[in-house]
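Encoded as structure tokens, the structure appears first; notes follow it.
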Amino acid sequence: MWRRVLALVVKELLAILKDARSRVVLIGPPLIQLVVFGYAATYDLNHVPIVVVNQDQSAASRDLVARFVGSPVFRQVAAPHSLDQVPELINSRQASLALVIDPRFTRDLLLRRPARVQLVADGRNSNTASLILGYANTIITDFSLDWMRDHGGLKPPAILDVRARYNPPLNSQWFIVPGIVALLTQVVTLLVVSLTVAREREAGTFDQLLVTPMRPIDILIGKSLPGLIIGVIEASVIVLATVAWFRVPLLGGLLPLYFGLLLFVTAVTGIGLMISSLALTQQQALLGAFLFMVPSIVLSGFATPIANMPGAIQNLTLINPMRYFLVVVRAVFLEGATFEQLAPQYWPMALIALTTLIAAGWLFRRRSY
Amino acid sequence: MIAGSIGRLRGMLRKEFLQIGRDPSSIAIAFLLPAVLLLIFGYGVSLDARNVPLALVVEAPDANTQAFTAQFEHSRFFRPRYFQSIQQADRAMIARQVEGIVWLRADFSRQLQAGAAPIGVILNGVDANDARIITGYVQQIWANWIAARARAAGSPNPTPVSVEPRIWFNPAVRSRDYLVPGLIAIIMTLTGSLLTAMVIAREWERGTMEALMVTRVSIVEILIAKLIPYFILGMGGMAGSVAMAVWLFGVPLHGSIAVLAAASALFMLAALGTGLLISSFARNQFVAGQVAIITAFLPAFILSGFLFDIGSMPVAVQIPTHIIAARYFVAILQTLFLAGDVWTVILPNMAALAAMAVFFLGAARSIARKRLD
């Protein structure tokens, strides 16, 4: 039996790898994407264009402006004297933030009255707006504390001492790049597996396969192993690039990572086979792969946290293997997680893999004849 | 000549529409896919942290710590859980039960008198964006607490600058309001490119393209006959998505429908052009599908500025974003929905979309002709 399966695996791999275009598709774009996305997919802000309206023009207000302009986060694009130009600059997206300092700023500071500073952010991207306001608030708070210290004011009763564990520089690349390992592995594996049966059906060679001595289960295994092999190899290359190129710290061992990877790729293969045995044409298979893939990426926690989703959607993510593997990759990379800590992620993936493979086998037999 | 061309076109169009009618998967890609995706994205994608589970470690509870922790109890951002020791809170954080720890040490009240008592804030930094947003919330709470304390004591505020933050166009800071318009662009990229790429690759694969070529139908007529039905399908999907955005997700639409329709038509032409180009390179459905996903969907998701700020990317990455049609469409949609008809944003982006549509359609045409020889 195994020799027959092996022959089919070799044939499948040859079919995929001998076609120059599919070969390019499997190797080129994922690597380009890793590099482009690794640099592009970041929530960190820098060079945010700001417009400064300093109506006070005193030493104190100039000090505050200097703190903004000197920060790598902000870049001053205009400094008009009146407020009139602010709406136009924000509307046309030339500036994302306006810093407006009240004419009585210094007087109020000296009189120990609240000195007013207005911040206007472009809310067309409200996440960026919140982050910009966060950075601006930090600068203004530092200014306040320094001013009070220099002018003999009160010390604040307490100060915050914020530390981020596992990712002290709060570099979002460390969050996104390990996520790409899961993302691209899923895309490649799912496409390879889901189109494999449909392609033979369309070419008419599937019937030939069925009249060979191979049993449906042999065909099923022979069809799933190539996807598995390609998925694991692809993932290994990306893991290597994550460590060697992006310098994301890999604190944990490769063993817990690869154990999770194997479970993940098996689960994705099971899903791909289910799609493949249901689809009659490649277009249907591709549509099926898509209808699974896009929601599974969106609802995985890859780019936006699962905790922010409504309760019903959070429950839906429980059947998404990528959700678990993302935790595994990030935990192994950044937290140095062990087998024991990752067990809650492993068993759901194993369960999904088992269920989808059994379902695929059943569907496959019913559709074969 | 012209009359013959129109006759041939009509025949081709009839064939295309019949084919679409018979294979439900094209209609599914055009209408079902956008609706399902918009539902999932619209509900699933949110960057607004609410009810963040937070560990509050109060080593020596008294009136002072009570005043501080009460601020967390009343905040809609946090769901606090109390711990007696930092070790317990640490274990909860490693087990992912809490996302951060706020730590008031045993001598907190004593240090308050001297001033600058340290409040430890330990966050799980793995998700850096989330950690930053949570830091912002904690800072807000801290500033409120300081101001309230100063007021109660009748002393001046130790943080004298009062900040009035305003967020224009989206004062409630609902991330859904800007994500849903962006999503429409992503989803329409997907349906536009995938539809045409697959359909033409299928003709090549089945050998019916060659059959078409020996007829008197010219290559331009074939391309136009392919474009028109899928353009109509795509615009239908677009209209459905906008209706869902406005009536289901309650996103305000400040701009005019006419501008929206014009921008959508330009964008749809660019997306269909990309699909045509892919299919004339790929010629088989497997490769065409892969290339459509990898060159259309994923870049639109990450490089269009709908989620990640383009201005903050390295310059080398900013350059390729210019050849992604979704980038211009996202900018137009976010402005049209949230701000209105701001011509300084809309006109340059529409010009870019028009240029891309011309480029992709022209490239598809010249490649298709070459292959005929």
Side-chain angles (χ1 to χ4, degrees), chain A residues 21-22 25 29 37 39-41 43 45-46 91-93 109 112 114-121 123-129 133-134 140 144 148 154-164 166-167 170 172 175 191 195 282-284 286-287 295 298-299 304-305 308-310 313 330 334, chain B residues 25 37 40-41 43-48 112 115-131 135-136 142 146 156 158-170 173 175 178 198 285-287 289-290 294 302-303 307-309 312-314 317 334 338 342 344-345:
Chain A
R21 278 173 307 206
S22 1
V25 161
F37 295 172
Y39 287 108
Y43 293 109
L45 299 175
N46 48 58
N91 279 343
S92 64
R93 295 200 139 173
L109 272 181
R112 299 282 144 92
R116 290 167 55 217
V117 168
Q118 215 183 72
L119 295 171
V120 180
R124 267 169 283 186
N125 181 331
S126 64
N127 185 58
T128 306
L133 288 180
I140 292 174
S144 273
M148 285 307 271
L154 294 164
K155 265 200 280 187
I159 49 166
L160 294 176
D161 173 22
V162 182
R163 305 237 168 109
Y166 309 126
N167 183 359
L170 282 185
S172 38
F175 174 70
L191 282 176
L195 289 178
Q282 290 190 60
Q283 182 165 2
Q284 287 178 5
L286 202 77
L287 182 65
V298 173
L299 303 182
T304 58
N308 295 356
M309 299 169 190
I313 304 263
R330 287 172 178 154
L334 300 176
Chain B
S25 66
L37 291 181
I40 291 167
F41 278 95
Y43 286 116
V45 177
S46 165
L47 290 163
D48 308 329
L112 275 183
I119 299 169
V121 178
I122 303 156
L123 297 170
N124 184 339
V126 171
D127 186 343
N129 187 54
D130 216 31
T135 309
W142 168 80
I146 286 193
T159 53
V161 179
S162 102
V163 180
E164 298 162 39
R166 300 260 162 81
I167 297 188
W168 279 4
F169 311 124
N170 190 354
V173 203
S175 62
Y178 84 91
M198 294 293 284
Q285 293 185 65
F286 171 71
V287 178
Q290 283 251 24
I294 288 175
I302 295 186
L303 296 176
L307 197 56
F308 304 107
D309 183 56
S312 297
M313 296 174 189
V317 177
Q334 286 183 349
L338 295 173
V342 181
T344 42
V345 175

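The basis for the numbers below is simple: all heavy atoms, side chains too, and nothing from hydrogens, waters or symmetry mates. Sequence lines set the chain letters: A, B, ... in the order given, protein chains first and strands last, and positions in each chain run from 1.
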- Message: Using a 4.5 angstrom heavy-atom cutoff, name the option from A:Pro114, A:Ser144, A:Ser92 with the most pairs to chain B.
- Response: A:Ser144

- Mind checking salt bridge (Lys or Arg N to Asp or Glu O under 4.0 Å) for A:Arg163 and listing every partner two or more places apart, or none if nothing turns up? A:Asp161

- Query: Any idea which heavy atoms bring A:Tyr39 and B:Pro314 closest together, and the distance?
  - Reply: O-CD, 3.5 Å

- Note on the structure: Pair count under 4.5 Å, heavy atoms only, with chain B: among A:Thr128, A:Ile313, A:Val120, A:Leu109, highest is A:Val120

- Message: To the closest 0.5 Å, what do you measure between CG (A:Asn127) and CG (B:Asn129)?
- Response: 4.5 Å

- Residue set satisfying side chain to side chain contact (heavy atoms under 4.5 Å, CB included) with A:Ala129, at least two apart, ordered chain then number -> A:Ala121, B:Ile167

- Provide the closest heavy-atom pair for B:Ser175 versus A:Ser126 in the form atom of the first, atom of the second, distance. CA-OG, 3.2 Å

- CH2 of B:Trp168 to CG of A:Asn91: how many Å apart, nearest 0.5 Å? 6.5 Å

- Task: Determine the minimum heavy-atom distance between A:Asn125 and B:Leu307, stating which atoms define it.
- Result: ND2-O, 4.2 Å

- Message: Looking at chain A, which one of B:Thr135, B:Leu37, B:Asn124, B:Val342 has the largest number of heavy-atom pairs inside 4.5 Å, strictly under?
- Response: B:Asn124

- Task: Could you have a look at B:Val317, B:Ile302, B:Asp130, B:Leu112 and say which one has the most heavy-atom pairs with chain A under 4.5 angstrom?
- Result: B:Ile302

- Task: State the CG-CD1 distance between A:Leu160 and B:Ile146, to the nearest 0.5 angstrom.
- Result: 7.5 Å

- Message: If you compare all heavy atoms of B:Ala116 against all heavy atoms of A:Ile159, which two are closest, and at what distance to 0.1 Å?
- Response: O-CG1, 4.0 Å

- Do you know which of A:Arg93, A:Gln284, A:Arg330 has the most heavy-atom pairs with chain B at a distance under 4.5 angstrom? A:Arg93

- Message: If I compare all heavy atoms of B:Tyr178 with all of A:Arg124, which pair ends up nearest, and what's the gap?
- Response: CB-O, 2.7 Å

- Query: Which heavy atom in B:Leu338 sits nearest to a heavy atom in A:Gly123, and how many Å separate them?
  - Reply: CD1-O, 4.3 Å

- Leading residue by heavy atom contact count with chain A [cutoff under 4.5 Å; candidates B:Leu123, B:Val345, B:Thr344, B:Ile40]: B:Leu123

- Return yes if some donor-acceptor pair links the side-chain N/O of B:Ser312 with the main-chain N/O of A:Asn46 below 3.5 Å, else return no. yes

- Considering only heavy atoms, which portion of A:Leu334 lies under 4.5 Å from any heavy atom of chain B: side chain, backbone, both, or neither? side chain

- Message: Less than 4.5 Å to any heavy atom of chain B: does that hold for the side chain of A:Leu299, its backbone, both, or neither?
- Response: side chain

